[in-house]
Amino acid sequence: MSSSRTNGKVVPLESLGELVRDGESVAFGGGWFANHPMAAVRQLIRAGRTGIHAITVVGSVDMDLMAAAGTLGHLSFSMVTLEAFGLAPNVRRGIESGSLPFTEYTGLGLLIGLEAQGRGMPYLPYRGPFGSDIPARYPEIYATTNCPFTGEQLTAVRALQPDVAIVHALRADAEGNAQWDGTSGPDVEMAKAAKRVIVTCEEVVDRRVIVENAHMTKLPGYYVDAVIEAPFGAHPTSHVPRYAMDAWELMDYAAAAGDPEAIAEYVARIRNETEEGYRERVLKGRDKVLGALVDAAEVIEGAQA
Amino acid sequence: MSSSRTNGKVVPLESLGELVRDGESVAFGGGWFANHPMAAVRQLIRAGRTGIHAITVVGSVDMDLMAAAGTLGHLSFSMVTLEAFGLAPNVRRGIESGSLPFTEYTGLGLLIGLEAQGRGMPYLPYRGPFGSDIPARYPEIYATTNCPFTGEQLTAVRALQPDVAIVHALRADAEGNAQWDGTSGPDVEMAKAAKRVIVTCEEVVDRRVIVENAHMTKLPGYYVDAVIEAPFGAHPTSHVPRYAMDAWELMDYAAAAGDPEAIAEYVARIRNETEEGYRERVLKGRDKVLGALVDAAEVIEGAQA
Amino acid sequence: MTDYEIHELMTCRVAAEVDNDGVTVMGSFTPLAYASYMLAKLTHAKDAYLVGFDAVGMAPVQLSFTGAEASAYKGAVCRWGMLTEINSIHLANHGGVEAVSSAQFDGSGAINLSAIGPFEAPKVRLPGGAGAAEVIKMYRKMIAYFGNHNPRTLVDKVQFVTGTRWKVGDRAREEAGLQPGPIVVVTNLAVLVKDEDDRPFRIESVHPGVDVQTVVDNTGFELEVPAEVPTTAEPTPQQLDLLRNRIDPFGTVKFDFVSGKERLSYLRGILDAEWDRAAARVS
Amino acid sequence: MTDYEIHELMTCRVAAEVDNDGVTVMGSFTPLAYASYMLAKLTHAKDAYLVGFDAVGMAPVQLSFTGAEASAYKGAVCRWGMLTEINSIHLANHGGVEAVSSAQFDGSGAINLSAIGPFEAPKVRLPGGAGAAEVIKMYRKMIAYFGNHNPRTLVDKVQFVTGTRWKVGDRAREEAGLQPGPIVVVTNLAVLVKDEDDRPFRIESVHPGVDVQTVVDNTGFELEVPAEVPTTAEPTPQQLDLLRNRIDPFGTVKFDFVSGKERLSYLRGILDAEWDRAAARVS
């Protein structure tokens, strides 16, 4: 690779605030406690972005933290949960108080809406959530349609085009070719649907590394506008196989999240430090163990697979 | 893996004649001169199958050979070509004489019809071949439909469910988990759409090998009914990275294919030998060079990728 | 008879529904469901095809809060993403068993994971259903499990239908292009089954020591009570051994059965053990 | 001026249409189109994103009949399959340049790759269009190239429309949700361009030594002839060096320009050279 292209699409995390504007719709990758683009979430908070229409399939600490920080103007989701640590207190408070406008999708509907946009369709039909109360709430998103051959009644879901998608990959090169080994969840569909795509990754690598692992490339570079190196960029959620979720930090988060004062402090700490500072503060001496949690995870030996 | 499951779905090539019945529709994988399931094609000819409704996206020697052998009762295709070696003489003769009923699909329509079936849909819409004369010929396959949100007029293509799909993989295990490294073309969509799936492969391997290369698994075992080990099973088409297309055998085929007597002889030879006999006769001393053609193929060094 | 805890009996009963047909997908880390699938795969359903996160064709794994995701990939044969999974499993009618737990569940098979109170301004905003709205309809068997069988959870009519089985009876399901199969509810008291659209859930069995009237009293929807109600099978020593020593040595399944005050310290206890095991590898 | 052959000029002219935007997909082994893409990527369009077979994001490769497929994978960053490609490139409006050659081509931009004579009982059954029916419509630029410019190929009206550009003018294309861009026809005589629905193809340039009337006489559809018709740019020494020594040392592009009798021996000559190079690696 010639030096003229070495940097290509690579930008520092600090430029994220310029890449995402107030009021834009942003799809955030990952699911449950796996692989949310948390470094980007923290940076949006530091940049003071507001009015963001966040789109998540299964959000967790990413959505709750942005709700707490005042980043969100709208939340589209099919689930937001802190799982073992309970409901997401700040999302819950926002919706219950009416201060956070929201759209509740069904999970397949949300993914198929993203898929439709990504493949150039204004909608896609599927065997939808018949009997659910959700579609009738959103006639601009869900409609009924019929198969022109069999007459079967189906659910149509409208194409969903985020302004921006932010996803976290294992590695990417300067062209934006991005690879995942473990959980990629909804990341590829979000990226294919969005007008602009920002990939954060554990590591920016030479194109040669991408070629040698070509089967792991889930997002080719022509989709990608910016590549940001963000080690532990999914923390405190997981990025398997690099590190497991940081359940201890999540427990601290959950404890703070239910208390307005405590969560304000939690947010202020993030706002007043760099991402490097965050890593130093939170990971100090613990990064190796978070990686070892992955190594220690066991398949049941001797069992037939 | 316990011995009780070592064989699993693995059957010999000779059983193919029992797995596919006269008159069934069969989707054949591969495209152009890449990765057609040729050992299976030869075995269907040996088994004397007739009336097969073959479905191919871009067929070549596979379709022409079956047309010559009297295997086909119908041909659904978006292209059949011998490329540098000319048109496909026996397919051409069959269609021009009216003895081979056919359905000409547009390429995307055929793939999306297979996709629809594979994802449980009676049809799928797309921005179709507007202006083409093909859709009007097949109102049972192509229809117009409108987006329920925008009103945009789209093409609907009906789900296509082959009775059987036969695809050729690099390797598979006894559970049917199948991997490709190079060209897989339409193989995965064919397998997902078909009622029954037969995977031929260069090599049957232990599940452990599949797990170690999990990113190369394009077809999980739950789709697969039978696994057949067939080394050089795509010959004379290619199976990259194991071997390139055998252009020399294809040239001989093309020379014979245009001449009724010569092609009858060509077919008779195949009919009267085992697959092992075929390999010995055709490959003798040449298999290493067919592999080396892959190694010798060059990326332009020093160029930016 | 071996001593066992109620979550172990429930795990075994859910496991009994898992067979060698179709694909079972694990989404959120729901330890009881995960443990059931592993138990089935290690005993009567060795060919059960499991998908966890984006790991397709998993080997059975040991459960832990921080390690479940990583272990899913270690023995898996394939990697997909969410969209490929829904199109290749859920919507393709390859789904085997879908196990859910919801804030409210009613006698029609509907679940509420959305809101208690008005949808737009709820008293309690619930997490949402992820794919459950579509998936509980598509799968061959729908299982709902509840650690606390009471009429506030098992209600006459859910306040909001996040999703529903839609068609219940085998014939109605097949006519709609769906796989035939029942709804099975497994609680800390009993097993309830519904397999026809026009008939209520019936009590399939009560757990040892539970009387039928307790089940009826604690259920907010109508129940059909057969003349003879058998007792739910108890875990075998082999099952308990697998659960305690191989599948769930950290005790993650029990976590959902631990009540308010002890809950956090129970969780801390598990996480400490997980941390120690990992830390031992780096020191 | 360097000596060159007509297929080299045509290759360079097609290459000039390839830029750094969008994705270009190589399907069938069409050496002239392949060579054009490689030449562009090695000169003015280094960021051209190429897909060949299921190799996504290819490095530039040396052409050969037996090695083109294998070489595509060697420097590629990703593997897909046909369906992912059509949904992620063609239908997603990411297509850059689509180059086709067809048995018949007409002044509306329609191609016939299906049948000469009645469709159901044709005089000549042609190979079919693969994805061309949809793709020539979707891509930003449609290129059609013909080694033998004559009125039997460039016809007034194709006998069967396998596919068509559908909308030609930029505004009509944008209104239909398509990328704006022209149809460019490159032949052994001239370059023809159409970029409005209601106007015929115009002669953009004639190749050195070709007069305008020859082009008009050999074209079966109406042509707009500007007052001044420039001469097509000739290949530069750098382009010829790349084509002859790096991209196509075996001479695969010329194969389509070799007439009936010599054709087979020309092909054998190339294949002998490919065989010898490979055989040297195993002996």
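Chain letters run A, B, ... following the sequence lines, proteins first, then strands; residues in each count from 1.
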Item to check | Atom of C:Ala278, atom of A:Leu293 and distance for their closest heavy-atom approach | outcome: CB-CD2, 3.5 Å

Item to check | Which portion of C:Trp275 sits near chain A, non-hydrogen atoms under 4.5 angstrom | outcome: both

Checklist entry - Is A:Ser132 reaching over with its side chain to a backbone N or O of C:Thr162, donor-acceptor style, under 3.5 angstrom? => result yes

Item to check | Distance-minimising heavy-atom pair for A:Arg127 and C:Leu91 | outcome: O-CD2, 3.7 Å

Checklist entry - Under a 4.5 Å cut-off applied to non-hydrogen side-chain atoms, are C:Ser71 and A:Glu298 in contact? => result no

Checklist entry - Looking at side-chain heavy atoms only, is the closest gap between A:Phe85 and C:Leu267 below 4.5 Å? => result yes

Item to check | Selection from C:Gly128, C:Gly67, C:Ala130 maximising heavy-atom pairs under 4.5 Å formed with chain A | outcome: C:Ala130

Item to check | Spacing of C:Phe53 atom CZ and A:Thr183 atom OG1 [to the nearest 0.5 Å] | outcome: 6.0 Å

Item to check | Interchain contact, C:Phe160 with chain A, by part (heavy-atom threshold 4.5 Å) | outcome: both

Next on the checklist: For C:Asp198, is the CG atom crowded, meaning more than 12 foreign heavy atoms sit under 6.0 Å from it?
Outcome noted: no

Checklist entry - Which bit of A:Asp187 is near chain C, if near means a heavy-atom gap under 4.5 Å: side chain, backbone, both or neither? => result neither

Checklist entry - Which atom pair, heavy atoms only, marks the closest approach of C:Gly81 to A:Ser184? => result CA-OG, 4.1 Å

Checklist entry - Is the number of heavy atoms from other residues, nucleotides or ligands under 6.0 Å of C:Glu262 CD greater than 12? => result no

Next on the checklist: Does any part of the side chain of A:Glu104, heavy atoms only, come nearer than 4.5 Å to the side chain of C:Arg125, both counted from C-beta?
Outcome noted: yes

Item to check | Atom group of C:Lys137 that falls short of 4.5 Å from chain A, counting heavy atoms | outcome: side chain

Checklist entry - When only pairs under 4.5 Å are counted, which of C:Pro127, C:Gly163, C:Pro122 shares the most heavy-atom pairs with chain A? => result C:Pro127

Item to check | Part of A:Ala84 lying under 4.5 Å from any heavy atom of chain C | outcome: both

Checklist entry - Is C:Glu120 close to A:Arg137 at the side-chain level, that is, under 4.5 Å between some pair of heavy atoms? => result yes

Item to check | Residue part contacting chain C, namely of A:Glu96, when any heavy atom lies under 4.5 Å | outcome: both

Checklist outcome for this item: Whatever's closer than 4.5 Å to a heavy atom in chain A on C:Ser108 counts as neither

Item to check | Donor-acceptor under 3.5 Å (A:Arg92 side chain, C:Val124 main chain) | outcome: no

Checklist outcome for this item: Scored by heavy-atom pairs under 4.5 Å with chain C, the best of A:Ile112, A:Val188, A:Val91, A:Thr106 is A:Thr106

Item to check | Which atom of C:Leu271 lies closest to which atom of A:Trp248, heavy atoms considered | outcome: O-CZ2, 3.2 Å

Checklist entry - chain A heavy atoms under 4.5 Å from C:Asn112: which part of the residue, side chain, backbone, both or neither? => result neither

Next on the checklist: Could you tell me if the side chain of C:Asn87 sits less than 4.5 Å from the side chain of A:Glu115, heavy atoms only?
Outcome noted: yes

Checklist entry - CZ/A:Phe130 to NZ/C:Lys167 distance, rounded to the nearest 0.5 angstrom? => result 9.5 Å

Checklist entry - Does A:Met251 reach the side chain of C:Arg268, with side-chain heavy atoms less than 4.5 Å apart? => result yes

Item to check | Side chain to side chain, C:Val282 and A:Asp295, heavy atoms closer than 4.5 Å | outcome: no

Checklist entry - chain A heavy atoms under 4.5 Å from C:Arg165: which part of the residue, side chain, backbone, both or neither? => result neither

Checklist outcome for this item: Bottom line for A:Leu87: the part with an atom under 4.5 Å from chain C's heavy atoms is side chain

Checklist outcome for this item: Of all heavy-atom pairs linking C:Asp54 and A:Gly185, the shortest is OD2-N, 2.6 Å

Checklist outcome for this item: Applying a strict 4.5 Å limit to non-hydrogen atoms, the region of C:Ile111 in contact with chain A is neither

Item to check | Which atoms of C:Val135 approach chain A - backbone, side chain, both or neither, heavy atom under 4.5 Å | outcome: side chain

Checklist entry - At a heavy-atom separation under 4.5 Å, does C:Ser64 approach chain A through its side chain, its backbone, both, or neither? => result neither

Next on the checklist: Do A:Ile300 and C:Leu242 make a side-chain contact, defined as non-hydrogen atoms from C-beta onward lying under 4.5 Å apart?
Outcome noted: no

Item to check | Nearest non-hydrogen partners of A:Met245 and C:Phe65, listed with the distance | outcome: CE-O, 3.3 Å

Checklist entry - Side chain, backbone, both or neither: which part of A:Val58 has a heavy atom under 4.5 Å from chain C? => result side chain

Next on the checklist: Quick check on A:Val57 against chain C: is it the side chain, the backbone, both or neither that has a heavy atom closer than 4.5 Å?
Outcome noted: side chain

Checklist entry - So what's closer than 4.5 Å to chain A heavy atoms on C:Phe29: side chain, backbone, both or neither? => result both

Next on the checklist: As an exercise, state the distance from CG of A:Asp246 to OG1 of C:Thr66, rounded to the nearest 0.5 Å.
Outcome noted: 9.5 Å

Item to check | Inter-residue atom distance A:Ile134.CD1 - C:Ser114.OG, 0.5 Å rounding | outcome: 4.5 Å

Next on the checklist: Taking the six-membered ring for Trp, are C:Phe119 and A:Phe102 closer than 6.0 Å centroid to centroid?
Outcome noted: yes

Item to check | Spacing of OH belonging to A:Tyr126 relative to CE belonging to C:Met138, to within rounding of 0.5 Å | outcome: 10.5 Å

Item to check | A:Pro241 portion near chain C, given a 4.5 angstrom heavy-atom threshold | outcome: neither

Checklist entry - Measuring from C:Glu134:CD to A:Ser78:OG, what's the distance to the nearest 0.5 Å? => result 8.5 Å

